[in-house]
Amino acid sequence: MMITKLWKDRDFIGGCSLCLVSLFIMQQSLTMSFTEHPGTLSPRFFPLMISIVLLGLSIRVLIEPFLKKQSKDAPENQSDNYKLIVVMMLCMFVYIVLLKYAGFFVSTIAYLIFLMQVLKATSLLKSVLLSFIITGLIFIIFSNLFEVILPTGYWFGG
Amino acid sequence: MKILVEFLTLILSFILDPSYLLVIVAGVVLGIAFGAMPGLTAPMGLAILLPITYVFDPTKGLGMLMGLYCGAVYGGAIPAILINIPGTPSAMMTAVEGYAMSKKGEAGKAIGIATIGSFVGGVVSVLFLILIAPWLGKMALKFGPPEFFAVGVFGLSIIAGVTGKSLYRGIIAALIGLFVTVIGMDPIDSTQRFTYGNVNLLTGFSFVPMMVGLFGFREFLLQVGKGQFEYKKVQRITNVFPSIRELRNNIVTMLRGSVIGTFIGSLPGAGGPIAAFISYDSTKRISKEKEEFGKGTIRGIAASESANNAVTGGALIPLLTLGIPGDAAVAIILGALMMHDLRPGPMLFQQHGDTVTGLYVSLFLANLILLVVGMFGAKAFVRILKVPLNVLLPVIVVLCVVGSYAVNNNMFDVVVMVMFGFLGYLMSKINIPVVPMVLGIVLGPTIEQNLRASLLLSRGDWHIFFTRPISLTVLLLTIVMLAWPYFKKFLFSKS
């Protein structure tokens, strides 16, 4: 019961992740290969120090749920729509891949329409219209005014 | 005197060149839009605009960012007055008085006094910046690597201490930021650290994608997670111009707020919200009409807005002289300076005096433009609040992607932007603030390089940091700053 409760606590999960990250940095710093220069610090000194302090503080985060219990602090319960966050992240990765293959114009229009529909911004027709206008404006501003070469996509010979 | 003559000559040349004025106007307008939309922030606007300014020369690019910075701080007052939601944390006290005035049908007057207060605050802070920064810069010429190391650690610790819910979480964020700067080639002997054979990582992560991710994409995820895209009904505004008598009655309040704001702004980590609160509180204390506060008095708005806009000039003092950014927005401006090969610190005044004077002029003109745009465009800015956030957010994300890509024409930077945005989102969810992380990223190279250079100087003797008076004093101050919250807790629990 206690373990299940702990795994639902953000601090506990965050503390565990931070501990793992700091241990990883520590291990990588210790096994780093470099040329010795007498009279100065080695390149591994700085990351090693960071990992040691980070480990100590991560443990402090890890034990936070136990301290909360003592001080009767209510855990924060701002529940986000995590499903939507996952969808947004997946959508972003698909967009990045699409940018490479379909280029800026096609992929941005598709991405904007999808996003506006998922976020229930406006009707499908308006979303399509807005996406075309916004993509066109961004394309004109960045390509012509700022001379940025936006991806044309492999499928279109880019 | 010489600097004032240079300043006035440059103002004239800027006014005569419409392209300079145009970029500052664009910056101010965009800034007001970012500040006015709850959910969009000044650092977000600066981060998105950062890659765009790269195409301009440093003076124009920095002019645009100065405009955006001032505009965004001021813009926060608009939703604070009209819908009781501060667009930026600095407008917190403005909301108290502004919304109360709004309900009485005086929203226009509240916006007018906020605009004039912001203008006075901004201009006074520029004057302080012009007078103090070169003097402090000359003093900093005496600094060597140990002093710069100490100042870097001090800057980082003070900011870690004042942001977020607890000191140790701020330090965790700063450490994550410091670690990010370790990735890539070592600055002394080019040893590859944490690169794993990836050529994109040899020079470390680019600054712009990291900032765009942390302030653009992270904010997008936070807003989407919350799922609130609509605001309350926007109040109507009528006459924006206050009467001469009202102006005369509030000028001292504005000047006092400006001095408070400049001073608080020059302290790293303190920032706009604290300045606005102190100015509001001190005005209330000495006011003969204390009971009017909280019910909608223009004096409260004048105090709050003059102070939070004065922070803009104040925050640039430690940035330009010592390379210490006071908050996230200024950290992005530091990134912009570095993008243009301008390294803040004492040498900046010696080697790039023209650019520094250009920056002063841009900040001054930005405030002047803000006054004109604010007074005459207030009704137009109200319309921004009518744009639903779920229409605006997709556009922001696309701008984040294009902005990150534009820096090096490289898709790797887009991936970096997304990764940092997601990392920032996760950090926010476990109450680890991102601002100290940004400062870790900005100050990391200074701290590591100066630490190693100091030890090279002393042949590995750590006493170098404690035998030089400036570095010793700054390090002692760091310890005091870090210990203060615990000491204060102990002291109050005893009493």
Side-chain angles (χ1 to χ4, degrees), chain A residues 10-11 13-15 17-18 25 28-29 32-35 37-41 43-47 50-51 53-54 57-58 60-61 76 78 80-82 84-85 88-89 92-93 95-96 99-100 104 108 111-112 115-116 119-122 130-131 134-135 138 142 145-151, chain B residues 51-52 54-55 168-169 171-172 175-176 178-179 181-182 186 188-189 191-194 217 220-222 224-227 229 388-395 397-399 401-403 405-406 409 411 414-415 418 421-422 425-427 429-432 444 447-448 451-453 455-456 459-460:
Chain A
R10 279 184 207 160
D11 279 337
I13 303 166
S17 319
L18 283 169
I25 300 172
Q28 291 289 302
S29 309
M32 193 182 282
S33 55
F34 56 88
T35 326
H37 291 281
T40 183
L41 293 171
R44 76 169 166 213
F45 176 81
F46 204 57
I50 292 172
S51 66
V53 185
L54 191 60
L57 294 172
S58 309
R60 174 71 178 78
V61 178
E76 258 187 64
Q78 291 173 313
D80 266 14
N81 188 345
Y82 291 115
L84 202 54
I85 297 290
M88 289 297 132
M89 285 306 290
M92 175 50 87
F93 281 107
Y95 176 46
I96 292 173
L99 271 174
K100 232 176 175 180
F104 174 77
T108 305
Y111 180 67
L112 279 175
L115 231 56
M116 284 187 196
L119 297 177
K120 294 175 186 138
T122 175
L130 273 173
S131 303
I134 292 163
T135 311
I138 294 176
F142 276 84
L145 213 62
F146 304 131
E147 290 167 5
V148 175
I149 305 157
L150 292 164
Chain B
I52 298 171
Y54 200 45
V55 296
Y168 76 93
R169 284 176 199 252
I171 299 175
I172 289 177
L175 287 169
I176 297 172
L178 287 177
F179 173 68
T181 65
V182 163
D186 161 55
I188 307 275
D189 58 10
T191 302
Q192 287 185 31
R193 297 185 292 188
F194 303 91
F217 194 59
F220 164 75
L221 291 176
L222 286 171
V224 166
K226 269 193 240 162
F229 305 120
L389 209 52
N390 44 1
V391 173
L392 212 61
L393 284 174
V395 184
V397 182
V398 173
L399 285 176
V401 171
V402 178
Y405 177 82
N409 279 7
M411 285 307 283
V414 180
V415 177
V418 175
F422 190 59
Y425 173 77
L426 293 178
M427 283 168 63
K429 288 291 120 189
I430 51 169
N431 294 323
I432 293 181
I447 293 174
E448 188 182 10
L451 169 70
R452 291 172 73 180
L455 291 171
L456 257 176
R459 294 180 187 173

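All chains are named by letter (A, B, ...) in the order of the sequence lines, taking the proteins before the strands, and each is independently numbered beginning at 1. Since the model is a prediction, treat every value here as computed from it, not as a measurement.
- Annotation: side-chain contact (heavy atoms from CB on, under 4.5 Å) contacts of I134(A) (sequence neighbours excluded): L112(A), M116(A), L130(A), I138(A), V395(B).
- Between the R193(B) side chain and the P43(A) main chain, a donor and an acceptor come within less than 3.5 Å of each other.
- The distance from atom CE of M88(A) to atom CZ of F220(B), rounded to the nearest 0.5 Å, is 5.0 Å.
- For the options V398(B), I432(B), L399(B), heavy-atom pairs under 4.5 Å to chain A are most numerous at V398(B).
- Taking CZ from F194(B) and CD1 from I25(A), the interatomic distance works out to 6.0 Å, rounded to the nearest 0.5 Å.
- Separating the OH atom in Y425(B) from the CD1 atom in I430(B) is a distance of 12.0 Å, to the nearest 0.5 Å.
- For chain B, the option among I149(A), L150(A), V148(A), N81(A) with the highest count of heavy-atom pairs below 4.5 Å is I149(A).
- When I447(B), L451(B), T191(B), L426(B) are compared by the number of non-hydrogen pairs under 4.5 Å with chain A, T191(B) comes out ahead.
- Comparing S58(A), S51(A), P47(A), S131(A) by heavy-atom pairs within less than 4.5 Å of chain B, the highest count is held by P47(A).
- In this structure, NZ in K429(B) is found 13.0 Å from CD1 in I13(A), a value given to the nearest 0.5 Å.
- Neither the backbone nor the side chain of L392(B) comes within contact range of chain A; no heavy atoms are under 4.5 Å apart.
- With a threshold of 4.5 angstrom between heavy atoms, V224(B) approaches chain A through its backbone and through its side chain.
- The residue among K120(A), K100(A), M89(A) with the most heavy atom pairs within less than 4.5 Å of chain B is M89(A).
- The part of Y405(B) that comes within reach of chain A is its side chain, from C-beta onward, which places non-hydrogen atoms under 4.5 angstrom from that chain.
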